[in-house]
Amino acid sequence: MSEKKMTSSRRHHLKSLMLQIAQGLLEAEAAEAEQDKQSYMEDHCPALSLPGTMQELQDLCRKLHQQIDIVDEQRYDMESKVAKSNKEIEDLKLKVQDLKGKFKKPVLKKVRMSADAMLQALLGSKHKVSMDLRANLKQVKKETKEEEKESVGDWRKNVEDKAGMDGRKKMFESEA
């Protein structure tokens with residue numbers, strides 16, 4: 001019993017202290033991010049001074065449009081790099097999954113569906129296709145084969161012929 005259990009009031013007090021400290025850290029981090037943003041804007045975006053003449057305003061607009069075009073090109077390049085990287089990451093994830101060999105196939109539910117319902121689901125409600133599987137089967141008539149009866153008769157005849165010494169001589173002569 002060397003471990004002493006903490007009372008619920010003590011635990012609640014410590015939890016509230018931790019939350020206050022975390023809240024203070026989050027506020028300080030947000031203030032620092034805002035300050036970084038302000039310093040970046042001051043460095044990269046000088047204060048706008050509007051010129052008085054129309055020609056100077058047009059020159060300023062052309063300059064701003066050129067800067068916008070440059071930024072758009074950079075943004076497009078970055079987006080394409082990110083998309084390419086994301087695709088590579090997905091490919092590598094698939095390779096890792098294949099190498100592990102522990103891909104679990106999801107359990108599929110058994111669905112009882114007739115062939116007509118399946119075709120209607122695949123082709124849509126436009127196509128009314130009736131699939132009668134028995135209609136396409138070939139009709140086969142059973143024929144009685146007379147050859148089988150004759151072979152039975154031949155077998156009996158051969159046995160009678162081979163019976164006795166004369167039959168055995170014929171059998172050895174035919175083999176040799």
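Every heavy atom of this structure was used, including side-chain atoms; hydrogens, water molecules and symmetry mates were not.
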Within this structure, what is the [atom1]-[atom2] distance for the pair [X] and [Y], rounded to the nearest 0.5 Å?
X	Y	atom1	atom2	answer
Leu19	Gln23	CG	CD	8.5 Å
Asp69	Gln67	CG	CD	10.5 Å
Lys37	Ser39	NZ	OG	11.5 Å
Cys61	Glu56	SG	CD	12.0 Å
Thr53	Gln58	OG1	CD	9.0 Å
Gln38	Met41	CD	CE	8.0 Å

Open item on the list: Show me the pairs that pass ring-ring contact (aromatic ring centres under 6.0 Å, His included) and involve residues 105-125, at least two apart or across chains.
Closed with: none

Task: Pairwise ring-ring contact (aromatic ring centres under 6.0 Å, His included) hits with a residue in residues 24-79, at least two apart - done: Tyr40-His44

Task: Sole candidate of Ile70, Asp72, Val71 that passes side chain to side chain contact (heavy atoms under 4.5 Å, CB included) when paired with Ile68 - done: Asp72

Open item on the list: For Asp77, give me all partners under side chain to side chain contact (heavy atoms under 4.5 Å, CB included), at least two apart in sequence or on another chain.
Closed with: none

Task: Worked verdict on His12 versus Thr7 for side chain to side chain contact (heavy atoms under 4.5 Å, CB included) - done: CA-CA 9 Å; His12 181 68; Thr7 63; over 6 Å; no

Task: Salt-bridge criterion met for Asp98 and Lys95 (N-O under 4.0 Å) - done: no

Task: Side chain to side chain, Leu94 and Gln97, heavy atoms closer than 4.5 Å - done: yes

For [X], does the [atom1] atom sit with more than 12 other heavy atoms under 6.0 Å from it, leaving out its own atoms?
X	atom1	answer
Glu79	CD	yes
Glu29	CD	no
Glu88	CD	yes

Task: Considering all heavy atoms, the nearest Gln55-Arg62 contact - done: NE2-NH1, 4.3 Å

